[in-house]
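Worksheet: the structure to be examined is printed underneath.
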Amino acid sequence: MAREFSRTRRIAQQLQQELAQVLQRDMKDPRIGMVTVNDVDVSRDLNYAKVYVTFFDEDEKRVQDKLAALDAAAGYVRSLVAGRMKLRVMPELRFIYDASLVEGMRMSNLVSKVISNDEAKQQKQTDTDVNKGEGEE
């Protein structure tokens, strides 16, 4: 019987919370800016952790620059998080850009735009039908 909530998943969740706090409060690098930690995937042996991050910036060049800044600061971030977590082995951090949140917001905006256009067309059609009905009397 597999455990419903494994140790690696619990560590990943705690690591996600600690990383979010460190990146928002303790990092002073202006190149990074506002960063959101979406998910953390820890290897079974706890040596590596993939950290999925999102920046609210759609420019591909700036996203790559911010990722490079995070990668350069990975050792410092790792040492800050290691002080907060009680682990024998602190995973090596690998930052990966996760575009799903930005893509979801873009899709939501497209759907909202289509709905508003459709409502405007229906309103225009209703106004046209009412005007035709008034002219026939």
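Along the sequence shown, the residues carry numbers beginning at 1.
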To the closest 0.5 Å, what do you measure between [atom1] ([X]) and [atom2] ([Y])?
| X | Y | atom1 | atom2 | value |
| --- | --- | --- | --- | --- |
| M85 | E18 | CE | CD | 6.5 Å |
| L23 | L70 | CG | CG | 6.0 Å |
| Q17 | R84 | CD | CZ | 11.5 Å |
| Q122 | N117 | CD | CG | 11.5 Å |
| F95 | I32 | CZ | CD1 | 7.5 Å |
| K66 | Y97 | NZ | OH | 9.5 Å |

What residue among L19, I11, V53 forms side chain to side chain contact (heavy atoms under 4.5 Å, CB included) with V40?
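Only match with V40 under side chain to side chain contact (heavy atoms under 4.5 Å, CB included): L19.
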
I'd like to know if [Y] and [X] are part of one continuous hydrophobic network [Ile/Leu/Val/Met/Phe/Trp/Tyr, side-chain heavy atoms within less than 4.5 Å].
| X | Y | answer |
| --- | --- | --- |
| M27 | M34 | no |
| V51 | V77 | yes |
| L15 | Y48 | no |
| Y52 | V22 | no |
| V63 | I96 | no |

Distance only, no hydrogens: is a donor on one side chain within 3.5 Å (strictly under) of an acceptor on the other, for Q64 and E60?
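Side chains of Q64 and E60: pair found under 3.5 Å.
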
Just to verify, which of N38, D39, T36 counts as forming a side chain to side chain donor-acceptor pair (under 3.5 Å) with T54?
N38

What's the shortest heavy-atom distance between S43 and T8, and which atoms?
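That would be O-CG2, 4.0 Å.
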
Are any side-chain N or O atoms of R78 and backbone N or O atoms of M90, one a donor and one an acceptor, separated by less than 3.5 Å?
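Yes; judged by distance alone, with no hydrogens or angles, the pair exists.
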
Can a donor-acceptor pair be found, under 3.5 Å and without considering hydrogens, that links the side chain of S108 to the backbone of G104?
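Judged by distance alone, no pair lies under 3.5 Å.
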
Report the hydrophobic cluster partners of I115, with the cluster defined as I, L, V, M, F, W, Y residues connected by side-chain heavy atoms closer than 4.5 angstrom, directly or transitively.
V111

